[in-house]
Amino acid sequence: MVELEIQIPTAFDPFSEAKDSGAKEYVHIRIQQRNGKKSLTTVQGLPKELSYERILKALKKELCCNGNVVQDKELGKIVQLQGDQRKNVQSFLVNANLVRKDQIKIHGF
């Protein structure tokens, strides 16, 4: 008999690239769709020596949106912001000299 190798597609995991071994030095900015037009912007991979709460407070004030810091077992701390703030977060992080532009990866539609 001939055996066929069949791959069954799985659900899309937006954090799958972050699980790679070389992805630790990048800051990943992603968008996650909620219901309808609503969306979340997540920032993951910021240096651990930075204060996530202070960054979140400055981002919320600068971008006029709400957000919070979420602790994940595998990925560490993740900053979540309301709305599609990918480009705004990138420019904020670069202008505040927190990360370089070549260290940021933007994901999403």
Side-chain angles (χ1 to χ4, degrees):
M1 279 225 190
V2 177
E3 290 188 27
L4 298 175
E5 184 176 322
I6 299 173
Q7 292 183 349
I8 300 172
T10 59
F12 175 70
D13 184 13
F15 294 103
S16 62
E17 293 177 5
K19 295 176 185 173
D20 296 339
S21 61
K24 293 292 183 189
E25 64 265 5
Y26 289 108
V27 174
H28 297 276
I29 302 174
R30 294 182 176 83
I31 186 168
Q32 293 178 341
Q33 194 69 30
R34 287 183 43 219
N35 15 347
K37 293 182 181 180
K38 311 280 184 189
S39 60
L40 280 176
T41 301
T42 59
V43 182
Q44 178 238 330
L46 290 170
K48 297 196 184 320
E49 62 269 5
L50 298 177
S51 171
Y52 285 72
E53 286 74 21
R54 290 182 67 198
I55 293 172
L56 176 66
K57 185 175 181 179
L59 278 170
K60 286 168 52 173
K61 187 171 184 173
E62 177 81 20
L63 305 178
C64 300
C65 66
N66 202 1
N68 63 351
V69 177
V70 177
Q71 179 67 34
D72 188 44
K73 291 180 183 177
E74 296 177 5
L75 304 173
K77 288 187 176 182
I78 298 174
V79 176
Q80 288 184 340
L81 298 168
Q82 283 182 342
D84 185 5
Q85 306 287 349
R86 291 174 290 179
K87 295 290 184 185
N88 299 331
V89 170
Q90 178 188 15
S91 63
F92 175 83
L93 292 175
V94 171
N95 291 338
N97 293 326
L98 296 174
V99 292
R100 295 190 317 268
K101 188 170 183 166
D102 61 341
Q103 291 177 316
I104 297 175
K105 286 193 176 185
I106 297 181
H107 307 277
F109 337 113

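Please read all numbers here as calculations on a predicted model, not as lab measurements.
- Linking Ile, Leu, Val, Met, Phe, Trp and Tyr residues whenever their side-chain heavy atoms come within less than 4.5 Å leaves Val27 and Val70 in two separate clusters.
- Going from atom NE2 of His107 over to atom NE2 of His28 covers 5.0 Å, rounded to the nearest 0.5 Å.
- To the nearest 0.5 Å, atom CG of residue Asn88 and atom CG of residue Leu81 are 10.0 Å apart.
- A continuous path of hydrophobic side-chain contacts links Leu50 to Leu59 [ILVMFWY only; heavy atoms under 4.5 Å].
- Interatomic distance, Leu46 CG to Gln103 CD, rounded to the nearest 0.5 Å: 10.5 Å.
- A continuous path of Ile, Leu, Val, Met, Phe, Trp and Tyr side chains, each step under 4.5 Å between heavy atoms, connects Val69 with Leu63, placing both in one hydrophobic cluster.
- Applying the side-chain contact (heavy atoms from CB on, under 4.5 Å) test between Lys77 and each of Lys48, Glu53, Gln44 identifies Glu53 as the sole match.
- We find the CD-CG distance between Gln33 and Leu40 to be 9.5 Å, quoted to the nearest 0.5 Å.
- Note that NZ of Lys60 is 9.5 Å distant from CD of Gln82, once rounded to the nearest 0.5 Å.
- In terms of modelled atom types and a separation under 3.5 Å, the side chain of Thr41 and the main chain of Gly83 share a donor-acceptor contact.
- Separating the OG1 atom in Thr42 from the CZ atom in Arg86 is a distance of 10.0 Å, to the nearest 0.5 Å.
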Under 3.5 Å, sequence neighbours excluded: what are the donor-acceptor pairs made by side chains of residues 95-102?
| residue | atom | partner | partner atom | Å |
| --- | --- | --- | --- | --- |
| Asn95 | ND2 | Ser91 | O | 3.1 |
| Arg100 | NE | Asp102 | OD1 | 3.2 |

